[in-house]
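Here the structure is laid out as structure tokens; the discussion comes afterwards.
Read the numbers this way: they start at 1 and go in the same order the structure lists the ligands and their atoms. What you are looking at is a predicted structure, and each value in this text was computed from that prediction instead of being measured.
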Amino acid sequence: MRQLKKVVSVAGIRIGGNNPVVVQSMTKTKTANVRDTVRQIRRIQRAGCELIRCAVVNRDDARALKEIREAATIPLIADIHFDYRLALAAIEAGVHKIRINPGNIGERWKVEEIIRAAKGSGIPVRVGINSGSLPGGIIEKYGRPTADAIVEAAEQALSVFTENDFSDIVISAKGADVPDTVEAYQILSARFDHPLHIGITEAGLPFQGGIRSAVGLGILLNQGIGDTMRVSLTADPVHEVAAAYTVLSALGLRHRGPLLISCPVCGRCDVELERIARAVDRRLKAYQPFLKVAVMGCVVNGPGEARDADFGIACGKGLGAVFVRGKEVRRVKEDKLVDTLFEVIDENIDN
Ligand code: SF4
């Protein structure tokens, strides 16, 4: 059951309430390089990204934001650490949201300056706690970035916003440790009604990082926690977006394009199933609707095992079957199997 939070709007993209979990990512270019940054934003957007965040490290980055905002057609978030003046410059440049980690912005008045500017521009702020940069006092108290340490840092950071009567907030409390991060979000969700941006930070390369993120985010989303998410990967951000949709789709929360189901292969299989599955996966990228498409290793068990799939193929020795919802509709030579599958799909759907 979704834990309903207040709704925060980022240039029309609504985060919280009963709105679908919003998928976001971050550019990996130098923000000051407008051309590469905009190009990357467009690629990520085509992959399904709905909010994009850019690191603002210096004045050149801040100056570039205006041009990026004008060229990009998805809401732009500026990611600021340490220097409150960069946050002010980003707000001035017209970004749609900023993300700060109040713990590293320094004195309270600097955070208050940012709050004043955000209020003036009517944009929300993500208060982004990160286990790697908790205030010194909290680390001394807890010894390491435990869930309670992350929550205490978030509460400290949020108090400045509450005292300044600013509630247009999204909270994040990302950690690199999955159980600590999950627990921190569970506590924060119970205590606050601000929407939550969820993620596992420094998750790793795509295979490991995707699994670590899926475990952490999957637990939270399955408990109704999380209003927007990023899968952080050491990889092209397009993979982050694809991974986020895979997590959401696995939980039945959101789907983007077809889902390939393929059997794990056993001794009954007489073909190179992985190669066939990859070929089907590549061709499915051209399809928009949510379809379950199965690639199964044998004709005897395949269609039955993938009864739930909308379309599928079951490979055999020399011959294979194309099936629609568990029922065989064609039997063709093995080398025609993939083409026939797509003929059958095209006959049955409007792409
Ligand atoms: S579909 Fe056939 S080949 Fe694939 S795992 Fe099942 S029994 Fe084995």
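Between Lys333 and Asp339 there is no salt bridge, since none of the side-chain N atoms of the basic residue sits less than 4.0 Å from a carboxylate O of the acidic one. No salt bridge links Arg116 with Glu112; every basic N to acidic carboxylate O contact stays at or beyond 4.0 Å. Ion pair Glu113/Lys110 not flagged as a salt bridge, since none of the NZ, NE, NH1 or NH2 atoms sits closer than 4.0 Å to an Asp/Glu carboxylate oxygen. Look at Glu305 and Arg268 and you find no salt bridge, because none of the NZ, NE, NH1 or NH2 atoms lies under 4.0 Å from a carboxylate O.
Every pair passing side chain to side chain donor-acceptor pair (under 3.5 Å) that includes a residue from residues 121-130 is listed here, sequence neighbours excluded: Arg126-Ser172.
Of all protein N/O/S atoms, those lying under 2.8 Å from atom 2 (Fe) of ligand 1 come to 1.
Partner of Thr37 under the side chain to side chain contact (heavy atoms under 4.5 Å, CB included) criterion, chosen from Ile52, Ile68, Leu65: Ile68.
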